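Comments concern the structure below.
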Protein chains: 2
Amino acid sequence: MKFKPQYCQVQDALSILVGKWKPIILLHLMSEGTMRYGETKKALVGITPKMLTSQLRELEEEGLISRKLYPEVPPKVEYSITEYGMTLEPILVAMHDWGTKHVIRKSEM
Amino acid sequence: MKFKPQYCQVQDALSILVGKWKPIILLHLMSEGTMRYGETKKALVGITPKMLTSQLRELEEEGLISRKLYPEVPPKVEYSITEYGMTLEPILVAMHDWGTKHVIRKSEM
DNA sequence: CTGCATCCGGGGGGATACTG
DNA sequence: CAGTATCCCCCCGGATGCAG
């Protein structure tokens with residue numbers, strides 16, 4: 001094994017992904033490319049506007065996604081993943097694979 | 001891209017790894033195999049006994065690590081990673097790789 | 001040596017209502 | 001359409017002290 005835990009930056013990756021909706025937002029943007037606010041809201045069943053906005057803002061501040069505002073009426077905002085955001089793909093893929101293989105049976109608890 | 005976000009279990013993996021010290025504890029146990037309580041405490045600079053215990057307990061409850069108590073005086077407790085815990089290795093490796101490549105410059109902020 | 005008990009503060013996240 | 005504004009609760013994580 002080639003870990004050097006003492007120099008471990010695992011926490012950095014984790015801190016970026018922590019947030020109830022962040023990983024799934026990133027996955028959506030990775031596969032869809034670009035999505036509008038309402039589009040994302042429909043995709044994330046159960047999310048409140050406040051949460052969606054805050055999660056998007058934090059992802060944007062980290063440089064993982066970009067926000068493009070069209071000065072129109074009605075308003076139009078598009079979110080897309082950045083190159084930097086794409087670097088997280090291997091992690092999300094690993095988590096996605098793990099999640100599908102090791103389904104947690106919380107419904108039985 | 002082969003994601004199906006609507007069936008996404010990414011959150012499951014994330015929820016298991018969330019905890020200030022969990023990833024690094026798992027990495028240590030993955031590389032060392034077995035560690036005593038005090039050994040782990042020395043490895044995790046700055047952790048308090050309470051936190052170490054709580055994180056270990058939660059990892060144990062998830063079935064990721066196992067706890068072996070030796071009824072001796074003084075007490076001796078050994079923690080080791082389980083097979084189930086090892087299934088998280090790809091995720092932690094991915095996060096570790098990402099972390100070392102994309103070092104976050106928070107010290108400059 | 002390996003914990004548990006207690007007190008405490010901050011913030012992530014939920015529900016609901018309102019706005020340019 | 002794309003968000004704000006408020007209120008509120010839970011629980012993570014820190015500090016300190018005690019115990020078998």
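Within every chain, numbering begins at 1; the chains are lettered A, B, ... in the order of the sequence lines, protein sequences first and strands thereafter. The structure presented is a predicted model; accordingly, all values stated were derived computationally and were not measured.
Judged as a side chain to side chain donor-acceptor pair (under 3.5 Å), and not counting sequence neighbours, B:Thr82 has no contacts. The side chain to side chain donor-acceptor pair (under 3.5 Å) check on B:Thr40 picks up nothing, with sequence neighbours excluded. Residues satisfying the salt bridge (Lys or Arg N to Asp or Glu O under 4.0 Å) test with A:Glu58, not counting sequence neighbours, are A:Lys22. For A:Ser54, the side chain to side chain contact (heavy atoms under 4.5 Å, CB included) partners at least two apart in sequence or on another chain are A:Met51. Legend: residues meeting side chain to side chain donor-acceptor pair (under 3.5 Å) with B:Thr34, ordered by chain and number and at least two apart, are absent.
Between B:Leu14 atom CG and C:dG12 atom C1' the separation is 13 Å, expressed in whole Å. Atom CD in B:Glu60 sits about 13 Å away from atom C1' in C:dG3, given to the nearest Å. Rounding to whole angstrom units, CZ of residue B:Arg36 and C1' of C:dT2 are separated by 9 Å.
Checking side-chain atoms of B:His28 against main-chain N and O of B:Ile24 turns up a donor-acceptor pair under 3.5 Å.
Taking side-chain N and O atoms only, B:Arg67 has no distance below 4.0 Å to OP1 or OP2 of C:dT2.
End-to-end axis angle of the helix from C:dC1-D:dG20 to C:dG20-D:dC1, using five pairs per end and rounding to 10°, comes to 50°.
Of all heavy-atom pairs between A:Val45 and A:Trp21, the closest is O-CH2, 3.6 Å.
Using a 4.0 Å heavy-atom criterion, one finds that A:Lys41 contacts no nucleic acid atom at all. Here B:Tyr70 lies out of heavy-atom contact (under 4.0 Å) with every strand.
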Checking side chain to side chain contact (heavy atoms under 4.5 Å, CB included) for the pair A:Leu59/A:Leu26: CA distance, chi angles, key distance, verdict? CA-CA 9 Å; A:Leu59 291 172; A:Leu26 289 173; 4.2 Å; yes
After noting the C-alpha distance and the side-chain angles of B:Asp12 and A:His102, does the key distance pass the side chain to side chain contact (heavy atoms under 4.5 Å, CB included) rule? CA-CA 9 Å; B:Asp12 293 335; A:His102 306 270; over 6 Å; no
The contact string for nucleotides 13-20 of chain C, one letter per nucleotide 5' to 3', using protein heavy atoms under 4.0 Å with B, S and - for base, sugar-phosphate only and none, comes out as BBB----B
Considering only distance and modelled atom types, tabulate donor-acceptor pairs under 3.5 Å from the side chains of residues 70-79 of chain A, sequence neighbours left out.
{"from": "A:Tyr70", "atom 1": "OH", "to": "A:Glu78", "atom 2": "OE1", "distance (Å)": "3.0"}
{"from": "A:Tyr79", "atom 1": "OH", "to": "A:Arg67", "atom 2": "NE", "distance (Å)": "3.3"}

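Nucleotides of DNA chain D lying under 4.0 Å from heavy atoms of chain B occupy a range whose first and last members, 5' to 3', are D:dG13 to D:dG20.
Applying the salt bridge (Lys or Arg N to Asp or Glu O under 4.0 Å) definition to pairs two or more places apart or across chains, none involves residues 27-41 of chain A.
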